[in-house]
Amino acid sequence: MRVDIISIFPEYFTPLDVSLIGKARHRGILDIRLHQLRDWTDDVHRTVDDTPYGGGPGMVMKPEPWGAAIDSVIGPASPPPRLVVPTPSGRPFTQELALEYAKEPWLLFAPARYEGIDARVMAEYGSRLRVDEVSIGDYVLAGGEAAVLVIVEAVGRLLPGVLGNAGSVVDDSFAPGAMAGLLEGPVYTKPPVWRGHEVPPILLSGNHGAIARWRRDEALRRTVAKRPELAARLDREALDKRDREVLDDASFRFTPEDMAD
Ligand code: 6GU
């Protein structure tokens with residue numbers, strides 16, 4: 001997969017040299033290219049922002065440098081990349097969207113600083129390529145760069161050959177499968193007792209059926225405790241008798257609204 005990132009802080013992306021993503025780049029699975037937005041300005045101050053029309057606080061990123069930068073990066077290539085614009089006012093970035101991005105041959109990220117990019121840039125490219133304005137959560141960052149790091153890591157680990165253990169992708173809390181829609185429960189390794197804390201004995205039993213059941217119980221309990229809105233969305237047809245007992249024991253009740261759908 002090719003990934004281009006246009007930013008006024010290309011040095012922000014040095015973490016992409018490290019660990020899983022760094023290795024994927026080294027192996028040629030990920031081709032990440034960084035670009036300095038200011039290289040597409042033509043004034044001495046290399047200006048990328050200006051005051052907002054209509055007034056208000058902060059500054060807005062000018063459309064001309066973005067237009068020149070994006071045109072230059074995409075060139076005459078077809079098909080063009082999918083353009084991802086991180087913004088707190090975008091649609092939520094989810095595991096589902098990460099899986100979709102992992103199938104793309106080419107992504108282009110346009111992270112903004114200040115109050116965002118002049119909206120005409122998204123309008124212009126919206127008619128030429130797929131443009132997604134994406135948010136990584138309900139909080140406000142100082143710029144989209146950290147969001148790009150998050151998205152590239154979430155997508156990069158899904159690319160074929162990036163993860164050592166293929167099983168770790170399917171066990172993800174938000175991946176489809178047997179534990180679909182549940183948070184993962186606690187995990188343990190050696191030693192069997194640490195500072196007086198024991199590993200749950202079931203995990204040492206060798207009884208794989210009982211272990212799978214225990215893990216599902218823990219996942220159900222944790223989901224009710226930490227993400228009740230996820231528990232409310234569980235497919236009730238897919239719950240067995242024991243699941244219902246565990247949910248009951250965790251005092252979880254499907255609300256009348258959940259019962260309607
Ligand atoms: Cl993608 N950008 C910024 N600046 N803040 C955010 C965000 C993105 N997602 C959540 N907060």
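Order of appearance sets the numbers: ligands from 1, and atoms from 1 within every ligand. Excluded from the calculations below are hydrogen atoms, water molecules and symmetry mates; all remaining heavy atoms, backbone and side chain alike, are included. In this chain, numbering begins with 1 at the start of the sequence shown.
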Please check: side-chain N/O of Asp243 versus main-chain N/O of Asp240, any donor-acceptor pairing under 3.5 Å? yes
Is ligand 1 less than 4.0 angstrom away from at least one heavy atom of Val134? yes
Ala147 neighbourhood, listing ligand 1 atoms whose heavy-atom distance to it stays under 4.0 Å: 1 (Cl)
Pick whichever of Gly116, Pro86, Gly137 has a heavy atom sitting closest to atom 10 (C) of ligand 1. Gly137
Structural part of Ser135 in contact with ligand 1, heavy atom criterion under 4.0 angstrom: both
Checking the side chain of Thr223 only, and the main-chain atoms of Leu183 only, is there a donor and an acceptor separated by less than 3.5 Å? yes
Return the closest protein heavy atom for atom 11 (N) of ligand 1 as residue, atom name and distance. Tyr139 O, 2.5 Å
Can you find a heavy atom in the side chain of Met122 that is under 4.5 Å from one in the side chain of Ile117? yes
All heavy atoms of Leu16 vs all of Val152, minimum pair found to be CD2-CG1, 3.9 Å
Ligand-side contact atoms (ligand 1) for residue partner Ile136, heavy atom cut-off under 4.0 Å: 9 (N), 10 (C)
Should Arg2 and Asp4 count as an ion pair when the cut-off is N to O under 4.0 Å? yes
Just checking, Arg113 and Phe9: is the charged tip under 6.0 Å from the six-membered ring centre and within 45° of the axis? no
For atom 2 (N) of ligand 1, what's the nearest protein heavy-atom neighbour? Residue, atom name and distance, please. Pro88 CD, 3.6 Å
Looking only at protein heavy atoms, identify the closest one to atom 4 (N) of ligand 1 and say how far it is in Å. Leu141 O, 3.4 Å
Please state which part of Asp138 comes within less than 4.0 Å of ligand 1, counting heavy atoms only: side chain, backbone, both or neither. neither
Taking the side chain as every heavy atom from C-beta outward, state whether Pro81 and Leu107 have any pair of such atoms under 4.5 Å apart. no
